[in-house]
Structure formats: C-alpha cells, structure tokens
Amino acid sequence: YEMRNIRLLVICVVALASCTKSTPQRLAEEALPFLETRPAATGRVVEVHLVASPTSLELIDGRKLDVWAYNEQVPGPTIRARQGDTIRVHFRNELPQPTTVHWHGIRLPNEMDGVPGVTQPPIAPGESFVYEFLARDPGTFWYHPHVRGSEQLGRGLYGLLIIEEAELPPVREIVWVLDDWRLDESGQIDSRFVTRGDLAHDGRWGRVITVNGVEAPKIELGAGERVRLRILNAANGRVFRPDFSRLDAKVIAFDGLATARPLSAEGLELAPGNRVDLDLVAPAKPGEQVLIFDRFTRMPNLLAILQAGDAAPDAAVAAPIELDGFVPTWRGAEREGVGLEFRLNAARGGPYGIAWMINEQAMFHDTESPVSEWHEPPYALEAGKWIKLRFTNESPRLHPMHLHGQFFKVVARNGHPVDEAHWRDTVLVRPRETVDIALVPTELGNWMLHCHIMEHQDAGMMTLVAVR
C-alpha cells in the first residue's frame with residue numbers, strides 16, 4: 001500500500017513537471033510567433049544597380065570632396081521596397097580595393113550577409129556580385145561595406161534601406177543620415193586610417209558633421225505639420241544625442257523595428273549603426289525656427305535647423321503615427337543565468353599596434369581568401385531557444401556591439417533590470433559597464449558579432465556566432 005502511494009506520488013510529480021514550463025522556454029514562446037513569422041510574398045522584385053567607385057562631390061560648404069560613393073552620391077541611393085518584396089541588387093566594385101555590401105539590421109539568408117571570408121568571397125576590383133533576399137521586416141535599415149570599414153565608410157560608402165509597411169502612415173517622410181568627417185590641411189578626407197590615436201580612443205571622430213552630406217541644413221516644414229523622421233548614425237565612431245526637447249517628438253521605431261508603444265525622445269542616443277524613427281510635429285507658428293543640437297559631447301554641435309513655413313494643410317496635421325510593434329516584456333529575465341559572456345578589452349600587438357579583443361581573441365577579416373574553415377565560429381546558439389548574453393566592458397572606451405542576423409533586447413545594465421520597449425541589433429556598452437541582452441535566435445548560419453566603431457572592428461574586435 002505504501003509502495004503504491006509512493007509510485008502514485010512519483011507519477012504526479014513527473015506529470016506536474018511536464019506541465020510546468022521552464023522560464024527560458026516560456027520567454028522563447030513569448031517571442032517566437034513574431035520572430036518566426038514570414039510575410040506573404042508580393043511577387044514584386046525590386047531591381048537595384050549599385051556601383052561603388054571613387055568620385056568627387058560638392059558636399060561640405062559646396063567644396064569639392066574626393067570620396068568613395070555608391071552610384072556617385074553620398075549618402076548612397078535610398079533603396080525602398082515593401083514588406084514581402086524581393087530585393088535584387090546588382091553590385092559592381094570599381095574601388096581600388098576589395099569590398100562587400102553588408103545589409104545592416106535586416107534578416108536575410110546568411111550567404112547574403114556580405115561578410116568577406118565568412119559568407120562570401122571578397123569582391124575584387126572590377127568584379128560583380130548579386131545580392132537577393134526577401135524583405136521580411138518593415139523598418140529603417142542600411143547598407144555599407146564590411147571590408148576595411150574604417151576607410152571605406154570614412155570615405156563615404158553607406159546608404160539607407162527602407163522596407164515600407166503594407167499600409168504607410170499618412171504623413172510626409174524625411175530621412176537624416178548623420179556622419180562626421182575628418183579632413184586634412186588641404187580640406188580633403190584625412191587618408192590616415194586606423195591610427196594608434198583612434199584605437200586608443202573611441203575610433204575616428206571628425207570635426208565636420210553633416211546631415212545627408214550637408215552641414216547644418218535648413219529643413220522647412222509646414223507649421224504644425226506631422227512628419228516621420230528616419231535617422232541613421234553612419235559615423236565611424238561618433239555617438240549622437242540629438243536634442244528634440246523643443247518639439248513634439250516621439251520614438252516609434254528603433255533599429256528598424258517598431259516600438260511596443262511611442263517612447264520619449266528625451267536622452268535619445270544613437271551609437272554608430274543605430275537607427276530611429278520619430279513621430280515629429282513642426283512648430284505651430286509660421287517662421288519659427290528650432291535648432292537641433294547634438295549634446296553627446298560637452299560642446300554641442302548644430303545638426304540641423306527646422307523652420308515652420310506656411311500653415312500645413314489639414315491633411316498634413318494627422319493623428320499620431322501608429323506602427324504595429326511587438327516587443328516581449330520578458331519578465332523574470334534578470335533572474336536567469338548568463339549563457340555566454342563577451343569580455344571587451346585590448347592589448348598591445350596586432351597589425352595596428354593595438355588589438356581590440358573579445359574574450360582575449362582578436363579576429364581579422366581575411367580579404368584575400370574565399371569562404372573557408374579559417375572562420376570556424378567559436379560560439380554557438382541553438383535556434384528557437386531563449387538565451388541571455390553578457391557584454392562586460394573591461395576597457396575605458398565605448399563599444400557599440402552589433403550582432404548580425406538576429407534581433408535582441410536589452411534586459412539589464414550593471415545588474416539592474418531594464419525594460420526597453422524595443423528590439424535592437426546594436427547596443428552601446430559604456431566604459432566598465434556590463435550589459436545583458438536576450439534573444440531567441442531564428443536565423444541559421446554563421447553570424448558576425450563585432451564593435452561598430454570601425455577602427456575597433458578593423459583592429460580585431462569581432463567574432464563569429466553560429467546559429468544551429
């Protein structure tokens with residue numbers, strides 16, 4: 001009789017355990033319906049021809065600047081598609097060095113990710129490559145090289161990729177691509193890249209700041225007009241904190257994807273690689289000007305001047321923009337253990353005199369060889385399984401850490417839980433700071449994880465994470 005009761009008790013305990021989900025399993029199931037969703041294909045193909053080449057443009061104060069550009073323009077052409085479209089980019093390299101095109105932030109097949117020696121061979125001068133992928137997620141993304149990033153981005157190679165929602169908000173759209181330029185005594189781009197000074201600090205910061213290639217542009221809006229402002233930080237290393245405190249401005253998307261709810265723009269920071277969409281209302285008084293400053297540094301830099309013109313027509317004074325954003329709360333994430341830790345530090349050595357490392361390992365692009373086993377991923381994640389990763393910054397420098405191919409959410413800083421109402425693909429890790437992120441990887445392949453300060457990346461602060 002007692003043995004029968006013991007067996008019944010064991011059976012009940014086993015049954016109860018099978019009905020009780022683990023916290024990681026519950027957190028994964030909260031996000032998977034969104035992460036695994038595939039949009040219905042529209043059948044449309046967006047064909048794009050993209051050429052990277054040296055050229056000369058009137059950019060800063062109307063002066064001729066020798067740059068490297070996509071289709072002879074800086075920023076490069078904005079590529080637009082609708083969710084469900086197929087994007088096909090015919091790319092040709094007319095630069096004096098190899099290159100690739102990386103599609104930053106967007107989910108796509110691993111072989112289209114544009115990482116030399118990992119997902120594709122480097123594209124040599126005079127050669128071509130066709131990138132093709134489905135536009136799965138609506139949002140603000142961008143494209144740039146993944147070879148010698150410090151030089152190739154620093155010379156002007158970047159552009160926006162915008163995936164539009166099936167139903168667009170009924171407002172005007174404006175795009176701002178923020179960048180800074182380091183010029184030499186002659187007024188041309190300083191040709192000294194990945195210097196010891198850059199590596200010992202937060203990368204290459206230039207003194208000339210531009211919005212869409214123009215210094216402090218004046219943007220005229222209708223008085224009281226509501227617009228959607230898409231902003232990209234394309235700088236090598238500079239962090240921007242644009243001040244919209246004098247305007248009615250709300251964050252409605254971050255790093256491409258829509259937020260769970262409109263968020264305050266106060267204290268908004270954009271590290272290299274970050275994007276943000278704002279629901280912004282112009283001043284209601286015709287003729288009123290609002291100066292938008294960058295307040296990340298002690299000396300504010302003027303970014304742009306917004307000026308209210310004539311009263312906007314009734315159609316332009318729309319209701320607040322609403323985007324369909326799903327972001328899991330992931331309550332209890334702070335109590336879960338860390339699956340992988342990435343310690344960020346530096347040491348003397350490497351090809352540039354200072355090596356920036358992840359867990360004492362520096363990785364350098366092999367731009368001379370095809371895809372090979374030389375890039376065996378040292379870290380692996382299981383698809384569909386929730387995991388928490390930790391960035392521990394052991395250095396006194398900034399590190400915006402970017403993970404290719406997946407969306408993640410920040411869940412803690414310095415051990416204190418945070419609840420960001422948005423996804424990310426890039427997070428700024430401050431000096432001596434610890435940042436915990438969580439994700440449910442769904443995209444298979446070998447994906448790059450690296451610092452998006454281009455000089456730190458080129459000096460070795462990158463690694464590979466396999467999703468299997």
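Along the sequence shown, residues carry numbers from 1.
Under 3.5 Å, the side chains of Asp425 and His104 contain a donor-acceptor pair of N or O atoms. Ser150 and Glu455 are linked by a side-chain donor-acceptor pair at a separation below 3.5 angstrom, with hydrogens and angles left out of the test. Donor-acceptor pairing under 3.5 Å is lacking for the side chains of Trp68 and Ser53. One side chain, Tyr131 or Gln120, offers a donor N or O that lies under 3.5 Å from an acceptor on the other. Side-chain contact annotation: Asp277 with Thr140, donor-acceptor N/O pair under 3.5 Å present. Between the side chains of Thr392 and Glu341, at least one donor N or O sits under 3.5 Å from an acceptor N or O. When only modelled atom types and interatomic distance are considered, Asn274 and Asp255 share a side-chain donor-acceptor pair under 3.5 Å. If you check the side chains of Gln152 and Thr99, you find a donor sitting under 3.5 Å from an acceptor. In this model, a donor atom of one side chain and an acceptor atom of the other lie less than 3.5 Å apart for His402 and Thr426.
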- [ ] Report the C-alpha separation of Glu173 and Arg230 in whole Å, then their side-chain angles, then the decisive distance to 0.1 Å, and conclude whether the salt bridge (Lys or Arg N to Asp or Glu O under 4.0 Å) test is met.
- [x] CA-CA 8 Å; Glu173 180 183 292; Arg230 300 182 190 253; 2.9 Å; yes
Task: Intermediate values then yes/no, ring-ring contact (aromatic ring centres under 6.0 Å, His included), His404 and His146 - done: CA-CA 12 Å; His404 290 205; His146 226 288; 5.0 Å; yes
- [ ] Step by step, work out the ring-ring contact (aromatic ring centres under 6.0 Å, His included) result for Trp103 and Phe141.
- [x] CA-CA 7 Å; Trp103 309 93; Phe141 307 100; over 10 Å; no
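A pairwise comparison of heavy atoms in Gly154 and Asn236 identifies N-OD1, 3.5 Å as the closest pair. A pairwise comparison of heavy atoms in Leu323 and Pro169 identifies CD2-CG, 3.9 Å as the closest pair. Pairing each heavy atom of Ala81 with each of Val46, the nearest pair is CB-CG2, 3.8 Å. A pairwise comparison of heavy atoms in Ile219 and Ala304 identifies CD1-CB, 3.8 Å as the closest pair. Taking all atoms of both residues into account, the shortest heavy-atom contact from Pro328 to Ala31 is CG-CB, 4.2 Å. Across Ile79 and Val48, no two heavy atoms sit closer than the pair CG2-CG2, 3.9 Å.
Checking Asp202, Thr297, Asp179, Asp180 one by one against Arg238, the side chain to side chain donor-acceptor pair (under 3.5 Å) holds for a single residue, Asp180. Applying ring pair (Phe, Tyr, Trp, His ring centres under 6.0 Å) to His452 and the options His399, His144, His102 leaves one that passes, His144.
Rounding to the nearest 0.5 Å gives a distance of 10.0 Å between CG of Leu134 and CD of Glu132. To the nearest 0.5 Å, atoms CZ (Phe296) and CG (Leu428) are separated by 6.5 Å. Distance check, rounded to the nearest 0.5 Å: OG1 of Thr37 to CZ of Phe326 gives 9.5 Å. Annotation: the span from Ile321 atom CD1 to Leu280 atom CG amounts to 9.0 Å, rounded to 0.5 Å. Note that the CH2 atom of Trp356 and the CG atom of Leu199 stand 8.5 Å from one another [nearest 0.5 Å]. In this structure, CH2 in Trp181 is found 10.0 Å from CZ in Arg204, a value given to the nearest 0.5 Å.
The residues Asp419 and Lys409 are annotated as salt-bridged, a charged nitrogen and a carboxylate oxygen being separated by less than 4.0 angstrom. In summary, Arg343 and Glu360 engage in a salt bridge, as defined by a charged side-chain N under 4.0 Å from a carboxylate O. Ionic pairing of Arg148 and Asp458 is not present here: no N-O contact between side-chain nitrogen and carboxylate oxygen is shorter than 4.0 angstrom. Electrostatic pairing of Arg261 and Glu322 does not count as a salt bridge here, judged by no charged N lying under 4.0 Å from a carboxylate O. Salt bridge status for Glu30 with Arg331: absent, with no side-chain N to carboxylate O gap under 4.0 Å. At a threshold of 4.0 Å, the pair Glu382-Arg468 does not count as salt-bridged, since none of the basic side-chain nitrogens sits closer than that to a carboxylate oxygen.
Looking at Asp113, its side chain never comes within 3.5 Å of a backbone N or O of Val115 through a donor-acceptor pair. A side-chain donor-acceptor contact under 3.5 Å links Asn93 to the backbone of Gln97. Asn233 places a side-chain N or O within 3.5 Å of a backbone atom of Leu270 that can act as its donor or acceptor partner. Under the 3.5 Å distance criterion, the side-chain polar atoms of Asn71 are left unmatched by any main-chain donor or acceptor of Gln73. Put simply, the side chain of Gln406 gets close to the backbone of Thr442: a donor and an acceptor are under 3.5 Å apart. Side-chain atoms of Arg275 come within 3.5 Å of backbone N or O of Gly273 as a donor-acceptor pair. The closest donor-acceptor contact from the side chain of Asn359 to the backbone of Gln361 lies at 3.5 Å or more, if one exists at all. Between the side chain of Asn446 and the backbone N or O of Ala466, no donor-acceptor pair lies under 3.5 Å. A distance-only check finds a donor-acceptor pair linking the side chain of His456 to the backbone of His201 [under 3.5 Å].
By the 4.5 Å heavy-atom criterion applied to side chains, Ile163 and Asp137 are not counted as neighbours. Contact annotation: the side chain of Leu303 approaches that of Phe240 to within less than 4.5 Å [non-hydrogen atoms, C-beta and beyond]. With a 4.5 Å cut-off on side-chain heavy atoms, Val251 and Leu278 count as touching. Using a 4.5 Å heavy-atom threshold, the side chains of Leu381 and Val465 count as touching. In this structure, the side chains of Pro217 and Asn212 stay at 4.5 Å or more apart for every pair of heavy atoms. Inter-residue side-chain proximity for Met461 and Ile358 is flagged as met; some heavy-atom pair is nearer than 4.5 Å. Contact annotation: the side chain of Arg430 approaches that of Leu398 to within less than 4.5 Å [non-hydrogen atoms, C-beta and beyond]. Here the side chains of Met357 and Met363 are not in contact, with every heavy-atom distance at 4.5 Å or above.
Atom CZ of Arg241 has more than 12 heavy atoms from other residues, nucleotides or ligands within 6.0 Å. A 6.0 Å sphere centred on CZ of Arg38 holds more than 12 heavy atoms belonging to other residues, nucleotides or ligands. Under a cut-off of 6.0 angstrom, the local environment of CG in Asp324 is sparse, with at most 12 non-hydrogen atoms contributed by other residues, nucleotides or ligands.
The ring of Tyr379 has its center closer than 6.0 angstrom to the ring center of Phe342.
Residues satisfying the side-chain hydrogen bond (donor to acceptor under 3.5 Å, both in side chains) test with Asp85, not counting sequence neighbours, are Thr42, Arg44. Qualifying salt bridge (Lys or Arg N to Asp or Glu O under 4.0 Å) partners for Arg82, counting only residues two or more places apart in sequence or in other chains: Glu164. Looking at residues two or more places apart in sequence or on another chain, you find a salt bridge (Lys or Arg N to Asp or Glu O under 4.0 Å) between Glu420 and Arg424.
The aromatic rings of Phe91 and Tyr70 stand perpendicular to each other, their planes meeting at an angle above 60°, with 30° marking the opposite boundary.
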